[in-house]
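Reading through the structure tokens given below for one structure.
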2 protein chains.
Amino acid sequence: MTPARILFVEDDVNLGFVIRDTLENVPFRVTHCTTGPEAWEAFQAGSFDVCLLDVMLPQSDGFTLARQIRSVNTLIPILFLSALANKEDRLQGLRLGADDYLTKPFSIEELILKINVFLRRTVIQQPQLPTTDFALHRQNLTLTINSQVQHLTHREVAVLAYLLDRPNTLVRRDELLRAVWGDDDYFMGRSLDVFISRLRKRLTQIPAIRIDNVHGVGFILRR
Amino acid sequence: MTPARILFVEDDVNLGFVIRDTLENVPFRVTHCTTGPEAWEAFQAGSFDVCLLDVMLPQSDGFTLARQIRSVNTLIPILFLSALANKEDRLQGLRLGADDYLTKPFSIEELILKINVFLRRTVIQQPQLPTTDFALHRQNLTLTINSQVQHLTHREVAVLAYLLDRPNTLVRRDELLRAVWGDDDYFMGRSLDVFISRLRKRLTQIPAIRIDNVHGVGFILRR
DNA sequence: TAACGTTTGTTAACGAGTTGTTAATGGAGC
DNA sequence: GCTCCATTAACAACTCGTTAACAAACGTTA
């Protein structure tokens, strides 16, 4: 069997090297990143079986990264590594959809055992047959679908990003309005409807992703 | 969805009661044992989705029990609860095939989150014969029966949820009306009948669940 | 049992409110 | 001026709780 692929994010260079080295001897195939954005790039570019995220990272923290990863992959095991034994942080990590939360110092053997727990339990990733490629580039304000690039406006990105971060979840109108517009009144509500309409038009090329309305409550982005 | 079934082994009566009570409120269906042999009996007799084992037990310890369980079931998630923060014990538990090892004191919320991690990752046991899957998702306003998703309205969810929370119990018309409509008069009563009718239609695909009328009094959801 | 009033089942129709969609408006930046 | 884009307007389409209407079931009384 080919070794499992691990996305390992740890900004402490020394600790990172030691862990990486040990994991590679198991053997696992390890991709080591030191910042959130770098890891997010790597995650999108590559294909992994497990994510190992340090919570404290320069630029964007591990929780943000986990949320990004979960928004596109609800299945991959995510294990947090943290220097914080803080209970609230542990809970937050788990609530975000993490699978475990190891507090430093942990023994490497324990880490390996834990990784194997989740490898054992995870359904093998199907190569996703008709994978229409789909990516919202929030910085560039572009949406790529099947290599076709569309240019969005800020508001469009804001609304779509908010929904994409919460796939298959009912997002209430007022929640969405407050998040994107900062407040909600009748006209903002109508504005929102206009944007939903525009986004739907943009998404018509991928039937796998759609925005459903729940009458009187809000919207669900399904994917 | 019917609640997951948990085999919970803990010899401390007070702590055991508290945890059991909390878990049942999630809800999970909890079978609480206080000794290893008793738990082994229960495991063989029943059918469970998760095992929660205290390490320190009278007669035979949690490790022995875990080994017994693993010998007949390699799939079921086993979580250890232990007063020992001892690293060697943690490792031993994991080596035995446990999935996690929580050291006391742990927060109950963390325990629940961890249980859900493994429920999510475990292939569903197909125990009972024609187990039609059935789930009312109150947030998303959806009802899933045999993988078929139906979209309900608020009122439908409110009525069905109220009945589902009191299965096999006579729910009086005025009680239901007051709970869902806030008040009861003649027309609300007729409205209720309309909703019962609609819900029955939605439930036709699952004969195991039905709503019976008790003339002049109210309804009983049987399952 | 027959008759009758009450309760319940079921379907359809109504109407207030919500959402979908397109176009017009107007402000900001150039 | 022009361009871009969020907002507002306008109207069409839809949703869904309620009400109406009638049929069926029930329970009581004679």
Side-chain angles (χ1 to χ4, degrees), chain A residues 138 140-143 149-163 170-204 209-222, chain B residues 136 138 140-143 149-163 170-205 209-222:
Chain A
R138 304 177 191 209
N140 301 348
L141 306 182
T142 58
L143 177 66
V149 178
Q150 305 186 52
H151 293 265
L152 310 194
T153 70
H154 284 101
R155 279 269 197 268
E156 287 179 315
V157 170
V159 174
L160 182 54
Y162 195 88
L163 292 172
L170 174 55
V171 176
R172 301 167 48 82
R173 289 180 77 92
D174 60 339
E175 174 192 346
L176 187 46
L177 283 166
R178 241 175 281 275
V180 176
W181 276 264
D183 201 347
D184 82 308
D185 66 11
Y186 173 77
F187 285 109
M188 284 173 180
R190 296 326 326 274
S191 221
L192 168 59
D193 289 319
V194 171
F195 279 93
I196 294 287
S197 174
R198 288 178 187 159
L199 289 174
R200 281 185 178 134
K201 197 175 288 179
R202 296 192 181 282
L203 293 173
T204 43
I209 302 182
R210 60 180 208 284
I211 300 174
D212 289 350
N213 172 256
V214 177
H215 195 84
V217 187
F219 298 92
I220 299 178
L221 181 142
R222 297 190 194 277
Chain B
L136 173 65
R138 304 176 190 209
N140 291 356
L141 307 181
T142 58
L143 176 67
V149 178
Q150 305 186 51
H151 293 261
L152 309 194
T153 71
H154 286 108
R155 281 268 196 268
E156 288 178 314
V157 170
V159 173
L160 183 53
Y162 195 87
L163 293 172
L170 174 56
V171 176
R172 300 165 46 82
R173 288 180 75 92
D174 61 337
E175 173 192 347
L176 187 45
L177 282 166
R178 240 175 281 276
V180 176
W181 276 265
D183 201 347
D184 82 307
D185 66 10
Y186 172 76
F187 285 111
M188 285 174 180
R190 295 325 327 277
S191 227
L192 168 59
D193 289 319
V194 171
F195 278 92
I196 294 288
S197 173
R198 288 178 186 162
L199 289 175
R200 281 183 177 137
K201 195 176 288 179
R202 295 192 181 281
L203 293 173
T204 44
Q205 301 181 51
I209 301 182
R210 60 179 207 283
I211 300 173
D212 289 350
N213 173 255
V214 177
H215 195 84
V217 188
F219 298 93
I220 299 178
L221 180 142
R222 296 193 194 276

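A note on names: the letters A, B, ... follow the listed sequences, proteins ahead of strands, and every chain is numbered from 1. Values below: every heavy atom of this structure, side chains too, minus hydrogens, waters and symmetry copies.
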For chain B, the stretch of DNA chain D it reaches, first to last nucleotide, under 4.0 Å of its heavy atoms: D:dC16 to D:dG27
So, for B:Arg138 and B:Ala161, which heavy atoms are closest and what is the spacing to 0.1 Å? NH1-CB, 3.5 Å
Checking B:Arg155 now: which residues fulfil salt bridge (Lys or Arg N to Asp or Glu O under 4.0 Å) with it, not counting sequence neighbours? none
Please identify each residue that fulfils side-chain contact (heavy atoms from CB on, under 4.5 Å) with A:Ala179, with sequence neighbours left out. A:Tyr162
Using OP1 and OP2 only, check whether a side-chain N or O of B:Lys201 sits under 4.0 Å from C:dT11. yes
Short of 4.0 Å, heavy atom to strand atom, which residues of residues 151-161 of chain A count as contacting DNA chain D? A:Thr153, A:His154, A:Arg155
In chain order, what residues pass the side chain to side chain donor-acceptor pair (under 3.5 Å) check against B:Asp212, with sequence neighbours excluded? B:Arg210, B:Arg222
Nearest heavy-atom neighbours spanning B:Thr204 and B:Lys201: OG1-O, 2.7 Å
Of all the heavy-atom pairs spanning A:Ala158 and A:Val180, show the shortest one and how long it is. CB-CG1, 3.8 Å
Spacing between A:Asp174 atom CG and C:dT18 atom P, to the nearest angstrom: 13 Å
Are A:Arg173 and A:Asp193 side-chain neighbours, meaning at least one heavy-atom pair lies under 4.5 Å? yes
Contacts of A:Asp184 meeting salt bridge (Lys or Arg N to Asp or Glu O under 4.0 Å) (sequence neighbours excluded), chain-then-number -> A:Arg178
Considering residues at least two apart in sequence or located in another chain, which fulfil the side-chain contact (heavy atoms from CB on, under 4.5 Å) criterion with B:Arg198? B:Glu156, B:Val194, B:Phe195
Between P of C:dT11 and CZ of B:Arg202, the distance in whole Å: 13 Å
When you check every protein heavy atom under 4.0 Å of nucleotides 25-30 of chain C, what one-letter string (B, S, -) results, 5' to 3'? ------
Summarise protein proximity over nucleotides 2-9 of chain C in one line of letters, 5' to 3': B for base, S for sugar-phosphate only, - for none, counting protein heavy atoms closer than 4.0 Å. -----SBB
Shortest non-hydrogen contact between B:His154 and B:Leu141, atoms and distance: NE2-CD1, 3.9 Å
Checking A:Asn213 side chain against A:Gly218 main chain: does a donor-acceptor pair fall under 3.5 Å? yes
Set of side-chain contact (heavy atoms from CB on, under 4.5 Å) partners for B:Ile211, sequence neighbours left out: B:Leu163, B:Ile196, B:Leu199, B:Arg200, B:Leu203, B:Phe219, B:Leu221
Check the distance between C:dT19's C1' and A:Ile220's CD1 and give it to me in whole angstrom. 15 Å
Between B:Leu136 and B:Leu152, does the side-chain contact (heavy atoms from CB on, under 4.5 Å) criterion hold? Intermediate values first, please. CA-CA 9 Å; B:Leu136 173 65; B:Leu152 309 194; 3.8 Å; yes
Sequence neighbours excluded, the answer for side-chain contact (heavy atoms from CB on, under 4.5 Å) partners of A:Phe187 is A:Asp185
To check you understand the geometry: which heavy-atom pair defines the closest contact between A:Thr142 and A:His151, and what is its length? CG2-ND1, 3.7 Å
Please report how far the helix from C:dT1-D:dA30 to C:dC30-D:dG1 bends, comparing the axis fitted to its first five pairs with the axis fitted to its last five, to the nearest 10 degrees. 30°
